[in-house]
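First comes the structure, then the notes that go with it.
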Amino acid sequence: MTSTPHARAGERADASPAWTVVARPVDDPVSAMLLREYLVDVADRYYQLHEARNSTPEEIEQALAEMPSDDLAPPQGVFLLAHHEGELAGCAGVRLVDARTAELKRVYVRPAKRGLGGGAALLAAVEAAAGELGAGRIVLDTRLDLVEARGLYAHHGYREVPAFTDGPYAEVWMAKELG
């Protein structure tokens with residue numbers, strides 16, 4: 001594989017030689033599995049914080065139905081899978097919200113692979129994909145308790161901005177201008 005500034009299926013777009021990030025259909029079974037892992041991870045953190053319990057399988061199914069990821073597909077979006085040394089390790093998506101703005105969605109690195117540069121690799125690939133979609137700016141919303149994610153975004157140039165969504169889990173809004 002050769003390095004490229006964007007992430008098309010089978011091509012590299014990573015921040016570290018150990019990481020490979022490739023576009024994959026969001027409805028692919030591997031993508032669906034990783035999206036479920038992402039949702040369980042963030043839902044469990046939310047329920048642990050607010051109710052001292054983990055999410056239930058029924059809550060996960062309901063959330064998957066209420067918050068589909070089908071907008072992370074061409075022509076308006078891209079879903080990316082990250083591999084660390086050949087092993088499936090994370091995902092991220094991006095979708096256009098208008099002609100100039102893309103939204104970062106579903107950023108996840110498996111717990112065993114955190115701290116190894118996967119977040120940076122995913123962000124680099126997402127930013128390249130957003131640029132290919134014609135975006136000059138990326139926005140995101142996240143929760144206050146997702147401190148690692150907020151730290152990752154800030155470290156990579158995302159800055160807090162006024163609220164632009166009103167979802168039940170949106171507590172912090174960030175944006176980055178793409179150069």
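What you are looking at is a predicted structure, and each value in this text was computed from that prediction instead of being measured. Each residue takes its place number in the sequence, starting with 1. Values below: all heavy atoms of this structure, side chains included; hydrogens, waters and symmetry mates excluded.
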Discussion item. Hydrophobic clustering (ILVMFWY, side-chain heavy atoms < 4.5 Å, transitive) - are V42 and V109 grouped together?
Written reply: no

Item to complete: Check whether any side-chain heavy atom of L122 lies under 4.5 Å from a side-chain heavy atom of C91, and answer yes or no.
Response: no

Worksheet item: Within a radius of less than 6.0 Å around CG of D98, do more than 12 heavy atoms belonging to other residues, nucleotides or ligands occur?
Response: yes

Worksheet item: Same hydrophobic cluster for Y38 and Y169, using side-chain heavy-atom links shorter than 4.5 Å among ILVMFWY?
Response: no

Discussion item. If you compare all heavy atoms of L96 against all heavy atoms of L133, which two are closest, and at what distance to 0.1 Å?
Written reply: CD1-O, 3.5 Å

Worksheet item: Going only through I, L, V, M, F, W and Y residues with side-chain contacts under 4.5 Å, is there a path from V40 to M67?
Response: yes

Worksheet entry | Carboxylate-amine/guanidinium proximity below 4.0 Å for R137 and E177 | yes

Item to complete: Working to the nearest 0.5 Å, report the span between CG of L34 and CG of L88.
Response: 5.0 Å

Item to complete: Verify side chain to side chain contact (heavy atoms under 4.5 Å, CB included) between R95 and R106, making sure each step is shown before the conclusion.
Response: CA-CA 11 Å; R95 67 182 182 100; R106 314 287 193 263; over 6 Å; no

Practice prompt. For the pair E87 and R110, evaluate salt bridge (Lys or Arg N to Asp or Glu O under 4.0 Å) and give the outcome as yes or no after the intermediate values.
Written response: CA-CA 11 Å; E87 184 180 338; R110 286 179 158 169; 5.1 Å; no

Item to complete: Could you tell me whether D41 and R114 make a salt bridge, using a distance below 4.0 angstrom between a side-chain N and a carboxylate O?
Response: yes

Worksheet item: Does a donor on one side chain sit under 3.5 Å from an acceptor on the other, for Q62 and E58?
Response: no

Worksheet item: Do you know the tightest heavy-atom contact between A154 and M174?
Response: N-CE, 4.0 Å

Worksheet item: Linking I/L/V/M/F/W/Y whenever their side-chain heavy atoms sit closer than 4.5 Å, directly or via other members, would V126 and L152 fall into one cluster?
Response: yes

Worksheet item: Would a distance-only check, ignoring hydrogens and angles, find a side-chain to backbone donor-acceptor pair under 3.5 Å from S55 to A43?
Response: no

Worksheet item: More than 12 non-hydrogen atoms from neighbouring residues, nucleotides or ligands closer than 6.0 Å to NE2 on H155, yes or no?
Response: no

Practice prompt. Go through the steps to decide whether E127 and V94 satisfy the test side chain to side chain contact (heavy atoms under 4.5 Å, CB included), and finish with yes or no.
Written response: CA-CA 9 Å; E127 291 170 10; V94 63; over 6 Å; no

Response to the item:
Distance col, row D145:CG vs L49:CG, nearest 0.5 angstrom, shows 5.5 Å

Worksheet entry | Contact check, side chains of L35 and F79, non-hydrogen atoms, under 4.5 Å | yes

Discussion item. Using a 3.5 Å distance criterion without hydrogens, assess whether the side chain of K176 forms a donor-acceptor pair with backbone atoms of V139.
Written reply: no

Item to complete: State, to 0.1 Å, how close A89 and K113 come at their nearest heavy-atom pair, and which atoms those are.
Response: CB-CG, 3.7 Å

Response to the item:
Heavy atoms of R24 and V30 approach each other most closely as NH2-CG2, 3.6 Å

Item to complete: Answer yes or no: is there a side-chain heavy-atom contact under 4.5 Å between D70 and D27?
Response: no

Worksheet item: Would you say V172 and D141 make side-chain contact, with heavy atoms under 4.5 Å?
Response: no

Worksheet item: Is it true that R45 and E148 make a salt bridge, defined as a side-chain N closer than 4.0 Å to a carboxylate O?
Response: yes

Worksheet item: When you check the side-chain N and O atoms of T142 and R150, is any donor under 3.5 Å from an acceptor?
Response: no

Discussion item. Applying a strict under-4.5 Å side-chain criterion to I, L, V, M, F, W and Y, I'd like to know whether Y153 and L144 cluster together.
Written reply: yes

Practice prompt. Search all heavy atoms of L178 against all heavy atoms of A135 and return the closest pair with its distance.
Written response: CD1-O, 3.7 Å

Worksheet entry | Of V97, L72, I138, the residue whose pairing with E103 passes side-chain contact (heavy atoms from CB on, under 4.5 Å) | V97

Worksheet, complete the sentence: Heavy-atom closest pair (A121 atom, V21 atom, distance to 0.1 Å) is O-CG2, 3.9 Å

Practice prompt. Evaluate side chain to side chain contact (heavy atoms under 4.5 Å, CB included) for W173 paired with L140, printing each intermediate quantity in order.
Written response: CA-CA 6 Å; W173 297 264; L140 65 93; over 6 Å; no

Discussion item. Checking side-chain polar atoms at under 3.5 Å, does D71 have a donor or acceptor matched by the opposite partner on Q76?
Written reply: no

